[in-house]
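Note on naming: letters A, B, ... go to the chains in the order of the sequence lines (proteins, then strands), and numbering restarts at 1 for each one.
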Amino acid sequence: VLMGNTITSCYAQHEKSLDAQRIFDTMPEWDIISWNSLLSANAQTGNLLCARQKFDTMPKHNLVTWNTLITASTYSGNVEYAEELFQRMPERDEVTWNAMLSAYAHNRHLEEAKRFFEEMPSKNVVAWNTLMHAYVEDGKLEEVKGLFERMPCRNAATWTCLIEANAGNGHLEDAQSVFDNMPERNVVTWTSLVAAYLSNGNLGGGKKVFDSMPERNEISWTTIIVALARNGDLDQAKDLYDRSPAKDLVAQNAMVAAYARYGRLEDATKFFDSMPEKDVTTWNALMSGYKKEGLLKEAEELFSRIPKGDGVSWNLMLAAYSQCKDLDKAKEMFDRMPEKDLFSWNSMMAAYSQNAGIKNAKDIFEKMPCRD
RNA sequence: AUCUCCAAGUUUUCAGAG
């Protein structure tokens, strides 16, 4: 059981819910930890229904089980259900409160997060960080700084937030000085400093930091590779990719996307075909290349071959039709898509305004359930 | 390194700025 649990949770941490399920299924017996690990693997996929099914199937629940289900709600964007769970569960601990705070924070309910934070019976460093990050996401630098001053305790995540907050507001030197003065560093803080330089257009600075990092992981490598690619240095990006010891699926997807972005469809396709494992982002990345080049037939063909398309796939096809001025097909996509998000609506509105005139576009605008 | 809460990377729309 111990071995099976270890492997299951290992897959959970790498966001491989199917593999976690596979290992789980081969185990001769399960304890509550096995079940919780499986639930955790499901939680990360954002599929709340699936997670709830597991929850209902489990022979028993404990505090960790409930906390994990709150997290599942967070990932699926269902704050209301998280609230319901929070009310319904038989007991709560510090993690419960933090998980609920995180539900508000991740889903952009800043006011709720603030209010909830005030109500918390005890606030540990995770709670402070969660609230602080919510402010960072909202671009509120002054509030971030204020919180930072008031915090009774800090850890590496705190410092990372502060770097990100400064970088996001164009204060690169402040970000660097935060980094210079922080008491502890790890691969995440290092990578966020690299990202700080890159997001401010300072490629040279980013590379310098990257080269001096004591340790790098998949994310560090991908961060720098993507920056090079976006800067148009595709071959340099590929060179770094080849030298990288840490190539996970995200890194591979980034290479497909890089080629696609610059219309190097042969390279993109070749890379795509060479990948032993793909996910929906891989397919979408290649499709985006066809779309950009106006290759409608190829995009359609790819779309029909995706094992499991998602909202992005649909949005891509909608945008592809719009770009090729096929308003009818665009509209058909829009009507047929299983779920419409802000991208879908904006895309449809743009399609009308570019191909049909302002009146139709305005009609869409009026009907939009959400806007930005 | 057996489970739950906080920080960094990849794909889709439009605008603005340069």
Side-chain angles (χ1 to χ4, degrees), chain A residues 1-10 12-13 31-40 43 62-71 74 93-103 105 124-133 136 155-164 186-196 217-227 229 248-258 260-261 279-289 291 310-320 322 341-351 353 372:
Chain A
V1 181
L2 178 62
M3 203 167 74
N5 287 351
T6 308
I7 302 175
T8 304
S9 79
C10 186
Q13 290 182 15
D31 61 11
I32 181 80
I33 295 186
S34 330
W35 282 99
N36 285 342
S37 302
L38 183 65
L39 182 64
S40 170
N62 66 10
L63 187 50
V64 173
T65 318
W66 285 91
N67 290 342
T68 307
L69 196 55
I70 291 187
T71 301
T74 302
D93 66 359
E94 215 170 31
V95 173
T96 316
W97 284 86
N98 288 340
M100 191 60 228
L101 178 62
S102 175
N124 64 13
V125 65
V126 173
W128 282 92
N129 287 344
T130 305
L131 185 65
M132 184 171 159
H133 188 245
V136 174
N155 64 14
T158 319
W159 301 97
T160 307
C161 273
L162 197 55
I163 290 176
E164 198 190 330
N186 60 25
V187 66
V188 179
T189 52
W190 275 97
T191 303
S192 70
L193 183 64
V194 173
N217 65 10
E218 286 82 354
I219 299 186
S220 328
W221 282 95
T222 307
T223 301
I224 195 88
I225 288 170
V226 166
D248 62 3
L249 189 50
V250 173
Q252 299 172 50
N253 289 343
M255 280 311 300
V256 175
R261 168 186 294 263
D279 66 6
V280 66
T281 301
T282 322
W283 289 84
N284 291 341
L286 185 58
M287 261 180 65
S288 80
K291 182 237 146 206
D310 65 0
V312 174
S313 323
W314 283 87
N315 289 341
L316 264 164
M317 278 315 296
L318 166 54
S322 163
D341 63 8
L342 193 52
F343 283 98
S344 328
W345 284 95
N346 283 341
S347 195
M348 194 65 235
M349 185 172 75
S353 80
D372 66 357

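Distances shown here put a side-chain N or O of A:Gln13 below 4.0 Å from the OP1 or OP2 atom of B:C3. For B:U10, the OP1/OP2 oxygens have no side-chain nitrogen or oxygen of A:Arg261 closer than 4.0 Å. Distances shown here put a side-chain N or O of A:Lys291 below 4.0 Å from the OP1 or OP2 atom of B:U13.
Considering only side-chain atoms of A:Asn346, the nucleotide from B:A7, B:C5, B:U13 that sits closest is B:U13. Taking only side-chain atoms of A:Ser102, from C-beta outward, the nucleotide of B:U11, B:C6, B:G9 with the closest atom is B:C6. In the set B:A7, B:C3, B:C5, the nucleotide with an atom closest to the side chain of A:Val64 is B:C3. Of the candidates B:G9, B:U13, B:A8, B:G9 carries the atom nearest the A:Glu218 side chain, counting heavy atoms from C-beta on. Side-chain proximity of A:Asn129 to the nucleotides B:C6, B:U10, B:A7 is greatest for B:C6. Among the nucleotides B:A1, B:U2, B:C6, the one closest to the side chain of A:Cys10 is B:A1. In the set B:U10, B:A8, B:U11, the nucleotide with an atom closest to the side chain of A:Val312 is B:U11. Among the nucleotides B:U4, B:G9, B:U13, the one closest to any side-chain atom of A:Ala251 is B:G9. Each of B:C6, B:U11, B:C3 was ranked by its minimum atom distance to the side chain of A:Ser40; first place goes to B:C3. Set against B:U4, B:A7, B:C3, the side chain of A:Asn67 has B:U4 as its closest nucleotide.
Residue-level contact check: A:Ser347 touches the backbone only, with heavy atoms under 4.0 Å from sugar-phosphate atoms and none from bases. Within 4.0 Å (heavy atoms only), A:Thr68 reaches sugar-phosphate atoms of the nucleic acid but no base atom. Contact annotation for A:Asn155: base contact, defined as any heavy-atom pair under 4.0 Å involving a base atom. Across all strands shown, A:Asn186 has heavy atoms under 4.0 Å from base atoms, whether or not it also approaches the sugar-phosphate. At a threshold of 4.0 angstrom between heavy atoms, the contacts of A:Ala157 include nucleobase atoms, whether or not backbone atoms are also involved. Nucleic acid contact class of A:Thr6 (heavy atoms, under 4.0 Å, all strands): sugar-phosphate only. A:Asp248 comes within 4.0 angstrom of a nucleotide base, judged by non-hydrogen atoms across all strands. Across all strands shown, A:Ala350 has heavy atoms under 4.0 Å from sugar-phosphate atoms exclusively, and none from any base. No engagement by A:Asp310 is indicated, since no non-hydrogen atom pair under 4.0 Å with the nucleic acid exists. Across all strands shown, A:Thr281 has heavy atoms under 4.0 Å from base atoms, whether or not it also approaches the sugar-phosphate. Using a 4.0 Å heavy-atom distance criterion, A:Glu164 is classed as a sugar-phosphate-only contact. Backbone-only contact: A:Val226 has heavy atoms under 4.0 Å from sugar-phosphate atoms and none from a base.
At a cut-off of 3.5 Å, with distance as the only test, a side-chain donor of A:Thr191 or A:Ser220 sits close to an acceptor on the other residue. There is a side-chain donor-acceptor pair under 3.5 Å between A:Asn62 and A:Thr65. Under 3.5 Å, the side chains of A:Asn315 and A:Ser344 contain a donor-acceptor pair of N or O atoms. A donor-acceptor contact closer than 3.5 angstrom is absent between the side chains of A:Thr281 and A:Asn253.
Rounded to an integer number of Å, the gap from CH2 of A:Trp66 to P of B:C5 is 17 Å. For A:Met3 and B:U2, the CE to P distance is 14 Å, given to the nearest whole Å. In this structure, A:Phe343 places its CZ atom 6 Å from C1' of B:U12, rounding to the nearest Å. A:Trp190 places its CH2 atom 22 Å from the P atom of B:A7, with the value rounded to the nearest Å. Rounding to whole angstrom units, CG of residue A:Asn62 and C1' of B:U2 are separated by 13 Å. The interatomic distance linking A:Ile225 (CD1) with B:U11 (P) rounds to 13 Å, in whole Å. The distance from atom CH2 of A:Trp128 to atom P of B:C6 is 18 Å, rounded to the nearest whole Å. Following rounding to the nearest Å, A:Asp93 (CG) and B:C3 (P) show an atom-to-atom distance of 16 Å.
Expressed to the nearest 0.5 Å, how far CG of A:Asp31 lies from CG of A:Asn5 amounts to 4.5 Å. A:Ile33 CD1 to A:Ser9 OG: the interatomic distance, rounded to the nearest 0.5 Å, is 9.5 Å.
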Passes side chain to side chain contact (heavy atoms under 4.5 Å, CB included), A:Ser192 versus A:Glu164? Steps please. CA-CA 7 Å; A:Ser192 70; A:Glu164 198 190 330; 5.8 Å; no
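Minimum interatomic distance between A:Cys161 and A:Met132 (heavy atoms only, all atoms of both residues): CB-CE, 3.7 Å.
The base of B:G9 lies outside donor-acceptor range of the side chain of A:Thr223, with no N or O pair under 3.5 Å.
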